[in-house]
Protein chains: 2
Amino acid sequence: MSPSTKTRATMHDVAREANVSIASVSRFINGQTVREDIEPRITKAISALNFKPNSAGRALRASRTQQICLSVPDISNPVYQTITKGVQNILNKTDYRLMLAPRNLSVEENLALIDSLDSNYADGFIFLSLVDDPRIRKAFSKLRIPAVVIGNVQVHDEVDTIKVSAGAVELALTYLVDKYGGEVLFLNGPTSTIPGRNREKGFLEAMKNRGIDGTKHMVEAESFDVEAGLVALSKVKNISKYRSIICANDLLAAAALRSLSTLKIDVPNQIAVIGIDNTDLANVLSPSLTSIDYKSEYRGELAAQFILDRLDNPKTLYRKVNIAPELVERESA
Amino acid sequence: MSPSTKTRATMHDVAREANVSIASVSRFINGQTVREDIEPRITKAISALNFKPNSAGRALRASRTQQICLSVPDISNPVYQTITKGVQNILNKTDYRLMLAPRNLSVEENLALIDSLDSNYADGFIFLSLVDDPRIRKAFSKLRIPAVVIGNVQVHDEVDTIKVSAGAVELALTYLVDKYGGEVLFLNGPTSTIPGRNREKGFLEAMKNRGIDGTKHMVEAESFDVEAGLVALSKVKNISKYRSIICANDLLAAAALRSLSTLKIDVPNQIAVIGIDNTDLANVLSPSLTSIDYKSEYRGELAAQFILDRLDNPKTLYRKVNIAPELVERESA
DNA sequence: CTTCCTGCTGTAAACGTTTACAGTAAGTTA
DNA sequence: TAACTTACTGTAAACGTTTACAGCAGGAAG
């Protein structure tokens, strides 16, 4: 009685059992109306034989897989988990399944991923990339299935996109300067990534508007995680001269809180800290983390909805959404 | 030049272009040796036509989808994210793809999930469930594809399983009592779940061995998350009489740290806290969290490896692995 | 030289669906 | 009643692969 010995009922079996053509079975399954006397025979046969339509047969014939592929650069990062959750929220209400693509941190991983989609294992693609590259752009433009882009990676225009507006750092800076005054340190992630670059730009501009050269008030972590944040902060000399720290994401903010706690510097009374992403982490840290919200779960939901809408109706206009940053105040600032 | 107008090259096209039979193309693609003069013609045709084999055709004919389905009760919980990461670590080295199943918190969701696998969209199933039920057990036993179970849900024996040994709470208790003495509170998750039940049992037994009735030193949160933990703890009267708190997972421990911080109770000097799961969270909290490690990422890797091994060779003996708890000491205890 | 391998080839038949098409019965209209 | 419409039916042909099978060339063995 091992799994492999059991054999599945097919539509043919159902048709024979119900004494009906296979086409009628197919039509019934796909929600078309069938003759009154036929319907009960089919339902009976289906449950008697425990029939379930075979995905591969269906996919081959209809060239629809009922699968959506989601690319997640790094599943360890809470912000991607939140986005994934948003995508699931929507997909779970439909009969689409969610494929989690392999890690796509590097350009090569991105290219391999986009390339693989040519194998037709997904009907739609939700693309998230930390890196930008002409090769990615080119490969992406050759994609044969509709895609939604979450984030600010640059691709061709015939695609629904959900970007985040640039103002996060500016927002944080204004808030911190207004509230506390003093000097502000920006703990950034790698500027080789899109958010790293954009946030750096945001910081420098915001500082420039205040007549300050921001370059002397920045430190760059090697990646967007806690360890890299700790390393980066340990290189900052005389950290206590700062009145506040803006961190490029919540994990770096967690690193900041940790560093400051080790140094016995009180947050927010001596130094205030603001993160970006407003992930679940923010509520868990102590002090709880003031963070800029980019509505990650909502972005995931939006992306899923966009891809479903487009699959439903390929001709709808491409939608370009910008999510505005919103400061969520907690204890750390 | 919209995606839908482009048409894909098939194996027939490649065969024609290479002036070779379709069977030879298929064989070449699947790694069989072909005649010397044929191989370059095929490779050339493939790249000229940019041919990629169609997953559906392949799946239908070979009845292999190259997909593994992973069920994750609740993707918000860091421990499942870590397990997912482990699974990915292994799958990404192969040409199997990862399907993330919809949430399966309730019995009904589990039944629907298991049932859906009959549609043959996955070659293997990695099953994780928080709940236990005869119906689940029965449905699971009818599964037509090999499965690996992570966790202590009870199913039939013809399955590879990766359980966690029961000793976590006992381990934490011994450590806390030895180190700090005094009374210990157990902050549990819902006892309607398998881990909740098991951890309660572990606590009560461990207490009994010390001649204490544990039932008076337990509090049950409604779910395994921070909010529920806060609510549960707020109901504990005179919390400061305890010398330490064992929490059934890291999220509940985060809640405990938060509560205690609000109450200005110092951790670990007044009350020590231990979590279970040793997720990324442990290093991020302050004070950093002492936690019982059940090697989540490794469990994910093991599960993926088990399923791959079994797909490779269905006759291997079913493996039953027990992961022993290990206390990872940090600041909170 | 024949016989037997060995190692490759191409032909053709699946795999389980969906769907274009033609057919038919019943209802509607004139 | 005949002619048309409506609403369903069944037949059969795809969809793009893999693979059983038979065929064939060339080398080894006798």
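Below, all heavy atoms of this structure are taken into account, side chains as well, without hydrogens, waters or symmetry copies.
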* Which value, rounded to the nearest 0.5 Å, describes the distance between B/Leu98 atom CG and A/Cys69 atom SG? ->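 Spacing of CG (B/Leu98) from SG (A/Cys69) equals 10.0 Å.
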
* Asked: Going 5' to 3' along DNA chain D, which nucleotides are the first and last within contact of chain A (any atom under 4.0 Å from a heavy atom)?
  -> D/dC8 to D/dG16

Donor-acceptor check, side chain of [X] to backbone of [Y], threshold 3.5 angstrom: yes or no?
X	Y	value
B/Gln32	B/Ser26	no
B/Ser296	B/Ile83	no
B/Arg41	B/Ala15	no
B/Lys142	B/Asp115	no

* Asked: Which of residues 44-59 of chain A sit near DNA chain C, with a heavy atom under 4.0 Å from it?
  ->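 Result for residues 44-59 of chain A: A/Phe51, A/Lys52, A/Pro53, A/Asn54, A/Gly57, A/Arg58, sorted by number.
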
* Asked: Looking at DNA chain C, which of residues 20-38 of chain A put a heavy atom within less than 4.0 Å of it?
  -> A/Ile22, A/Ala23, A/Ser26, A/Asn30

Atom pairs under 3.5 Å: protein N/O with N/O of nucleotides 25-28 of chain C:
none

* Asked: Do the charged groups of B/Arg135 and B/Glu108 touch, with an N to O distance under 4.0 Å?
  -> yes

* Closest non-hydrogen atom pair between A/Arg103 and A/Pro73, with its separation ->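 Residues A/Arg103 and A/Pro73, closest heavy atoms: CG-O, 2.9 Å.
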
* Check A/Lys85 against B/Ser76 and note the closest heavy-atom contact, atom names and distance. => NZ-OG, 2.9 Å

* Answer yes or no for B/Arg64 and B/Tyr96: cation-pi contact, defined as NZ/CZ to six-membered ring centre under 6.0 Å and angle to ring axis within 45°. =>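 Relative to the ring axis of B/Tyr96, which defines the angle, B/Arg64 lies outside at least one limit.
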
* Does the cation-pi check pass for A/Arg310 over A/Tyr318, that is, NZ or CZ under 6.0 Å from the six-membered ring centre and within 45° of its axis? ->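 Yes, A/Arg310 sits over the ring of A/Tyr318.
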
* State, to the nearest 10°, the angle formed by the axis through the first five base pairs of the helix from C/dC1-D/dG30 to C/dA30-D/dT1 and the axis through its last five. => 40°

* To do: Could you please spell out the steps behind the side-chain hydrogen bond (donor to acceptor under 3.5 Å, both in side chains) verdict for B/Asn77 and B/Gln81?
  => CA-CA 7 Å; B/Asn77 190 327; B/Gln81 294 158 355; over 6 Å; no

* Are more than 12 heavy atoms from other residues, nucleotides or ligands located less than 6.0 Å from atom NZ of B/Lys320? ->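 Enclosed: over 12 neighbouring heavy atoms sit under 6.0 Å from NZ of B/Lys320.
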
* Would you call A/Ile68 and A/Leu311 a side-chain contact if the rule is heavy atoms closer than 4.5 Å? -> yes

* To do: Check side chain to side chain donor-acceptor pair (under 3.5 Å) between B/Arg137 and all other residues, then give those that pass, not counting sequence neighbours.
  =>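 Scan of B/Arg137 (side chain to side chain donor-acceptor pair (under 3.5 Å), adjacent residues dropped) gives none.
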
* Is there a donor-acceptor contact under 3.5 Å linking the side chains of B/Asn89 and B/Glu301? -> yes

